[in-house]
J.: 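The structure's right below; bear with me while I get my questions together.
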2 protein chains.
Amino acid sequence: MKVAKFGGSSVASAEQLRKVANIIMDDSDRRVIVVSAPGKRSKEDTKVTDLLIALGEAYKSGNDYELQLKLVLERFKSITDELGISDQVTTEIRQDVESVFSSNYSDALKLDAIKAIGEDSLAKVLSDYLISLGLEATYLNPKDAGIFVSDEPGSAQILEESYEHLYKLRERKEIVVIPGFFGYTKDGKLVTFSRGGSDITGSIVAAGVDADLYENFTDVDSVYCVNPNIVENPKEITSLTYKEMRELSYAGFSVFHDEALIPAFKASIPVCIKNTNNPHGLGTIIVAKKETSENPVVGIASDSGFLSLYVSKYLMNRELGFGRKLLNILEDEGISFEHTPSGIDDLSVIIRESQLTPTKEEIVIRRIKEELDPDTVNIERGLALIMIVGEGMNSTIGIAEKATRAFTHANVNLEMINQGSSEVSLMFGIKAEGVNAAVKALYQEFFE
Amino acid sequence: MKVAKFGGSSVASAEQLRKVANIIMDDSDRRVIVVSAPGKRSKEDTKVTDLLIALGEAYKSGNDYELQLKLVLERFKSITDELGISDQVTTEIRQDVESVFSSNYSDALKLDAIKAIGEDSLAKVLSDYLISLGLEATYLNPKDAGIFVSDEPGSAQILEESYEHLYKLRERKEIVVIPGFFGYTKDGKLVTFSRGGSDITGSIVAAGVDADLYENFTDVDSVYCVNPNIVENPKEITSLTYKEMRELSYAGFSVFHDEALIPAFKASIPVCIKNTNNPHGLGTIIVAKKETSENPVVGIASDSGFLSLYVSKYLMNRELGFGRKLLNILEDEGISFEHTPSGIDDLSVIIRESQLTPTKEEIVIRRIKEELDPDTVNIERGLALIMIVGEGMNSTIGIAEKATRAFTHANVNLEMINQGSSEVSLMFGIKAEGVNAAVKALYQEFFE
């Protein structure tokens, strides 16, 4: 059995929902469906979830929220009308909103309950529509599906027992449509996951029912081996491993936030990224293991906005604890670091620029001078990291040579090279202005 | 004015001392001479210092030490006889030994005083010999030279005021011969530097008199750009900077231990390494700054005996303080580390194998498992580090490419690359068995 999750753009309109229905009918293994709330139909459009948040905020600040509610209702009515199904859902939405606001829940819980209306209502609409097409389908509320979570409004964590409950869905004969994004506490309170939470629900459900495949339908054909904004129509990645996915998303690949995939990863359910607008395209499949090809490189990712904190002190490497003390100072100031390339008498710490505000920079520099008595300490901003990712790279002779050759061709100087721990990536640090040239050259070297 | 220091092999015999005298006479700027104790005349020979240590140990354990003393005396007598000068020094040695043992000094101080006899006596012999050749020369005891040190037998530290005292030596008209290896506490106790301490004395004296040049005479023509045991008659390094010297000596270059040079470095006195047996050879000069040539690489050093401690944990890089905690554990166990290459969810620590005994390894692994709850932790031994060293490398495009190409040609896989902090080196980690092939290939790439 397959679990299929449809993202916001896939359920933004009646037209899109028809595509979704066709995709479901196309494969009888697609038995469990998880849906987001309707997303944007055009650049200028507003996501239903954002309308609902506005509604919640209006209520919270004691303002009238009729306008926001009206917009939400219109949005759904236009969908049900176009699909030729009952608009009963709009009545339910109005009732939901009233009952939430009249409840004695905390503001946080009220907001969660309001935000969840988008996914919940869309799930109802989709199951109604599938039934109208003659399919056996049911809307299933997360509570009845057994999706139990921690009592943390806006960032709920799944409770382990949920997986057993979900496993029972395998017995269902009909198509089950579950709204994403939220679950219930053991005492029945609705709580949402972090934003983008429908991906989390999909991944949890796929793990719970032990699906053969978790299909994540978005609006891209597949994951590209390099940022399409840098290289024109680059090669598509047909298959990559969880580890590769993780390293790529670290350095700026944004197909979806990789943490959502953890439940599926842990249950080693293969994940397939597909395009609702081109369902017969291959898509990209993410697996636990794969054969390594003779070009082990699957992707090149890049991300800018890093800085390097450089500290040097003669005979540093005889000073037990120097590196640890430096990291201590950063930790005290709540600054997390990325990498720490080191020489004999010097140490650099690569940090995301966002982590080091001018104020913190001043504190950190002062403390380093006072506590470590270095010969020099300085900060270089405007760095970018480029990652070459692929399982088996670390055992293939010549990868580093090909990569460094590309940088030479691009006439880009290497500020940093970091290889030696990750088995699936090779990392380079350069000045941000060199990123495009370097990535293009690397693409040529490894993919052309 | 120049300070010339002659090592053990340069003063091992009368024949060698004749060479030393010629070198001194060859350049009237060589006004301050620092000497070691007589070293080995042949592979099988014993250094005078080792004879003296044996003598001291014999006394300490209450045994008869006549034999050891006899060997020392014979050694010096053979030198004075061959040089045709008085053997008065042998009488003085006997007196010194007696007075040391009859003193109320601690055993540690007694041993220091005995060890120092080798350098002290040789200095007397050399000045006698220079006088016999018609030169104006004096033996100068470190106390009279003003070399004052901390009261740490066997590892004395120089006291800052010594430099002022030494500066007065500039007024001397005659050639001054100072024994290396020891100084005196403010209350007149003789204390020695760490082993190889004559280099320390030479460097201190050079700094003290603000010499134009500190010449360190050994038995090698110069520093080679690569280990001659790996590459046959490799190119010689005519000039390198302190920083380059430091990085090279870190990775196994053993011309002399670089810490001895610190006093000269701090006073930015140029240091010249020359061969007593080939004094007209260029030698290698070590300076503070130099022009970078278009091949910025000056040397390739390699050292084995490293291990990699690998720790991986999913989402490690979101866990503030993970790296710091790992280094904390090592520090608690008194283990110093060399480098820490890192991936997204993993971290390696490169450590000298000697630092991690099986017992400590067990403790460290256990603590990491208990305190950091990693997914995996393992240790890979038998690693070697190869360093490519040269000022200006970090701003020259293409160096990394040339280097990695060499590893490919040598068919050696790169376990680790570390660039990004040191301005003068690029470091590679490989399996030890690959070192010779890799170093040969790197030599070809950069020097042929």
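So you know, we letter chains A, B, ... as the sequences are listed, proteins then strands, and number each from 1.
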J.: Pick whichever of Ser348(B), Pro341(B), Gly323(B), Ser342(B) has the most heavy-atom pairs under 4.5 Å with chain A.
T.: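 The option with the most such pairs is Ser342(B).
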J.: Side chain from CB out, backbone as N, CA, C, O: work out which of these in Ser312(B) comes under 4.5 Å of a heavy atom of chain A, or both, or neither.
T.: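 When you check distances to chain A, no heavy atom of Ser312(B) falls under 4.5 Å.
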J.: Using a strict cut-off of less than 4.0 Å between a Lys/Arg side-chain nitrogen and an Asp/Glu carboxylate oxygen, indicate whether Asp345(A) and Lys243(B) qualify as a salt bridge.
T.: no
J.: Heavy-atom pairs under 4.5 Å with chain A - which of Gly343(B), Gly429(B), Ser308(B) has more of them than the others?
T.: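 Most heavy-atom pairs under 4.5 Å with chain A: Gly343(B).
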J.: Have a look at Leu309(B) and tell me which of Ile365(B), Asn378(B), Ile350(B), Leu356(B) forms a side chain to side chain contact (heavy atoms under 4.5 Å, CB included) with it.
T.: Ile365(B)
J.: I'd like to verify something: which residue of Thr408(B), Leu327(B), Leu320(B), Ile344(B) has the highest number of heavy-atom pairs under 4.5 Å with chain A?
T.: Ile344(B)
J.: Quick one, Glu371(A) with Lys325(A), criterion side-chain contact (heavy atoms from CB on, under 4.5 Å). Give me CA distance, side-chain angles, the key distance, then yes/no.
T.: CA-CA 8 Å; Glu371(A) 298 168 32; Lys325(A) 287 178 203 142; over 6 Å; no
J.: Mind telling me whether Phe428(B) and Phe407(B) have parallel, tilted or perpendicular rings, with 30° and 60° as the class edges?
T.: tilted
J.: Pick out which of Asp373(A), Thr376(A), Leu372(A) makes a side chain to side chain contact (heavy atoms under 4.5 Å, CB included) with Lys313(A).
T.: Asp373(A)
J.: Which region of Asn328(B), side chain (C-beta onward) or backbone (N, CA, C, O), has a non-hydrogen atom less than 4.5 Å from a non-hydrogen atom of chain A, or is it both or neither?
T.: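 Both backbone and side chain.
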J.: Side chain, backbone, both or neither: which part of Thr340(B) has a non-hydrogen atom closer than 4.5 Å to chain A?
T.: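 Interface part for Thr340(B): both.
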J.: For Leu426(B) versus Gln419(B), what's the shortest heavy-atom pair and its separation?
T.: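 Shortest heavy-atom contact: CD1-CB, 3.3 Å.
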J.: Counting heavy-atom pairs under 4.5 Å with chain B, which one of Glu401(A), Met416(A), His339(A) comes out on top?
T.: Glu401(A)
J.: For Ser203(A) and Ile262(A), work out which heavy atoms get closest and say how close.
T.: OG-N, 4.4 Å
J.: Counting only heavy atoms closer than 4.5 Å, note whether Val349(A) contacts chain B via side chain, backbone, both or neither.
T.: neither
J.: Could you walk me through whether Asn418(B) and Ile417(A) pass side-chain contact (heavy atoms from CB on, under 4.5 Å), step by step?
T.: CA-CA 6 Å; Asn418(B) 181 358; Ile417(A) 308 177; over 6 Å; no
J.: Could you have a look at Glu338(A), Met427(A), His409(A), Glu415(A) and say which one has the most heavy-atom pairs with chain B under 4.5 angstrom?
T.: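 Greatest number of close heavy-atom pairs with chain B: Glu415(A).
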J.: Looking at Gly398(B), Ser336(B), Gly321(B), which makes the most heavy-atom pairs under 4.5 Å with chain A?
T.: Gly321(B)
J.: Pick from Asn411(A), Val412(A), Val424(A), Ile397(A): which one has the most heavy-atom pairs with chain B under 4.5 Å?
T.: Ile397(A)
J.: Between Arg405(B) and Glu445(B), is there a side-chain N and carboxylate O pair less than 4.0 Å apart?
T.: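 Judged by the 4.0 Å cut-off on N to carboxylate O distance, Arg405(B) and Glu445(B) do form a salt bridge.
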J.: Check whether Ile335(B) gets within reach of chain A through its side chain, its backbone, both or neither, counting any heavy atom under 4.5 Å.
T.: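 For Ile335(B), backbone heavy atoms alone lie under 4.5 Å from chain A.
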J.: Can you tell me which of Ala403(B), Ala406(B), Ser395(B) forms the most heavy-atom pairs within a distance under 4.5 Å of chain A?
T.: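 Looking at each option in turn, the highest pair count goes to Ser395(B).
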